[in-house]
Amino acid sequence: MVETETSSRNSRHCSTQEIVEMSASVNLATSQSAYSNPSTDPSYYDNTNLPYYTEPTTERQATYEAVDGQVTNYDDVEPKQKDIYQEIDQGIHYQPLNLNREVHYEGFVKPTAVAPEISKHPKDATRVEGQDVVFSCSVEGNPPPSVRWTKDGERLNTTANSRLTESVMNNNHSLTITDVHRSDAGHYRCVATNSVDSSTSFAATLKVYLVQEPPFNVTVNSKSSRMVNISWMAGFDWNSAILNYTVKISVDNQNFRDTVCQGSLSNGACVLSNSLTSASLVNLFPWTTYFIKVFARNIIGTSTGSSVVNTTTDEEGTL
């Protein structure tokens with residue numbers, strides 16, 4: 001059986017291309033055409049006219065026709081094993097052990113231009129105003145693609161905005177936004193471009209949560225000596241649903257305190273479901289002026305109070 005040996009490619013020719021086996025092999029006893037050097041100097045040959053070499057690991061060059069039919073130069077090809085050589089002349093020269101042994105070589109297909117491909121897309125993110133966020137994408141292609149970032153279809157100018165930073169490690173590209181503002185909310189994409197083409201990632205949506213805006217248009221709808229009925233409009237929730245409302249009262253418009261109301265979720269305070277935009281305040285004193293504020297709460301926190309509305313309860317016994 002004719003033995004075969006597969007060689008390794010020199011590490012300095014790193015590539016993302018697939019390894020392919022060359023279509024040519026070399027019989028060490030009969031051919032030197034695959035090597036860049038055995039020398040034609042007669043001193044390199046013994047009386048059997050067989051080639052031997054100064055080092056068994058000497059890098060050889062060969063030009064083979066790749067399996068896809070393209071003629072490509074594969075350099076720095078060397079056998080993996082040293083045992084195909086025998087030492088002669090006190091280690092000065094080496095010659096093949098098995099002169100009928102064929103050596104097969106493998107190499108990398110010469111890199112060809114490849115359009116950009118995005119292998120990892122940026123992901124959606126949710127942040128509270130003031131936090132940081134990082135979007136990342138991974139790209140492939142030859143030549144290596146350059147990457148830029150867009151927001152809502154417009155290219156981001158990372159040099160003009162100190163809160164934006166682009167970074168790259170290998171084929172991973174990142175966009176960092178520090179101190180997120182509500183205006184940063186939107187759809188972010190990475191765009192990879194090389195001499196062949198360009199490719200755009202899926203959109204990553206950034207949602208920015210803020211503390212709930214306060215209720216507005218607080219109105220006194222009716223009152224009696226010990227009850228006041230009010231209603232209000234919900235403020236904008238900034239992508240975070242309102243959890244509940246709280247109503248507070250004051251008799252001097254300075255120190256606001258909890259009060260009680262019908263349907264409250266809490267004992268000793270007027271806390272109402274987010275589905276309600278009205279309240280009936282009870283257990284008030286007759287003929288007393290009250291200042292009223294309404295607060296809204298979402299997962300970020302409690303809003304500032306609404307504009308103050310004031311009303312005076314009726315005298316006791318007044319219809």
Side-chain angles (χ1 to χ4, degrees), residues 8-20 70 72-76 107-213 235-242 298-301 303-304:
S8 62
R9 188 176 59 91
N10 188 288
S11 61
R12 71 181 177 85
H13 287 273
C14 295
S15 169
T16 59
Q17 305 300 315
E18 293 184 356
I19 296 177
V20 296
Q70 298 181 9
T72 306
N73 186 40
Y74 301 87
D75 59 355
D76 299 326
F108 278 71
V109 175
K110 184 179 180 180
T112 55
V114 178
E117 179 180 354
I118 297 173
S119 55
K120 177 184 176 183
H121 295 261
K123 297 181 179 180
D124 294 345
T126 300
R127 293 293 184 273
V128 177
E129 189 173 39
Q131 293 181 330
D132 299 343
V133 65
V134 179
F135 292 109
S136 299
C137 70
S138 298
V139 300
E140 309 285 348
N142 186 59
S146 60
V147 169
R148 57 187 173 87
W149 291 87
T150 66
K151 174 181 177 285
D152 298 331
E154 298 293 328
R155 182 171 183 172
L156 290 170
N157 187 344
T158 56
T159 58
N161 189 336
S162 61
R163 296 188 301 107
L164 304 182
T165 304
E166 292 183 77
S167 59
V168 58
M169 179 176 292
N170 299 323
N171 64 338
N172 298 311
H173 297 256
S174 297
L175 171 70
T176 300
I177 308 174
T178 58
D179 186 22
V180 166
H181 296 173
R182 68 178 69 178
S183 59
D184 294 322
H187 304 290
Y188 290 81
R189 294 177 172 87
C190 70
V191 182
T193 304
N194 67 8
S195 57
V196 181
D197 204 350
S198 64
S199 181
T200 301
S201 73
F202 300 146
T205 301
L206 174 61
K207 292 183 178 180
V208 180
Y209 287 166
L210 289 83
V211 173
Q212 173 68 44
E213 287 192 354
F236 188 67
D237 62 13
W238 293 110
N239 302 312
S240 177
I242 297 170
N298 63 9
I299 60 172
I300 309 304
S303 72
T304 57

Just by distance, no angles: are the side chains of [X] and [Y] close enough, under 3.5 Å, to form a donor-acceptor pair?
X: S136; Y: S174; result: yes
X: S199; Y: D197; result: no
X: S138; Y: N172; result: yes
X: S201; Y: H121; result: no

How close do [X] and [Y] get, counting heavy atoms only, and between which atoms?
X: A203; Y: D124; answer: O-OD1, 3.9 Å
X: I242; Y: G235; answer: CD1-O, 4.2 Å
X: G130; Y: D179; answer: CA-OD1, 3.3 Å
X: A192; Y: P145; answer: CB-CB, 3.9 Å

| message | Does F202, at its CZ atom, have more than 12 non-hydrogen atoms belonging to other residues, nucleotides or ligands within less than 6.0 Å? | response | no
Given side chains that start at C-beta, do those of [X] and [Y] come closer than 4.5 Å, heavy atoms only?
X: C190; Y: V147; answer: yes
X: V191; Y: T150; answer: yes
X: L210; Y: F236; answer: no
X: N298; Y: Y209; answer: no
X: R127; Y: L206; answer: yes

Nearest 0.5 angstrom please: [X] [atom1] to [Y] [atom2], how far?
X: W149; Y: F135; atom1: CH2; atom2: CZ; value: 8.0 Å
X: R189; Y: L175; atom1: CZ; atom2: CG; value: 14.0 Å
X: T176; Y: L164; atom1: OG1; atom2: CG; value: 9.5 Å
X: Q212; Y: S240; atom1: CD; atom2: OG; value: 7.5 Å
X: T178; Y: N161; atom1: OG1; atom2: CG; value: 8.0 Å
X: R163; Y: T158; atom1: CZ; atom2: OG1; value: 12.5 Å

Donor-acceptor pair, distance only, cut-off 3.5 Å: does the side chain of [X] make one with the backbone of [Y]?
X: N142; Y: P144; answer: no
X: R148; Y: R155; answer: no
X: D152; Y: H187; answer: yes
X: N194; Y: G141; answer: no

| Any ion pair linking K151 and D184 (charged N to carboxylate O, less than 4.0 Å)? | no
| task | Please report the C-alpha distance between H173 and V139 in whole Å, then the side-chain angles of each, then the deciding distance to 0.1 Å, and finally whether the side chain to side chain contact (heavy atoms under 4.5 Å, CB included) criterion is met. | result | CA-CA 8 Å; H173 297 256; V139 300; 3.7 Å; yes
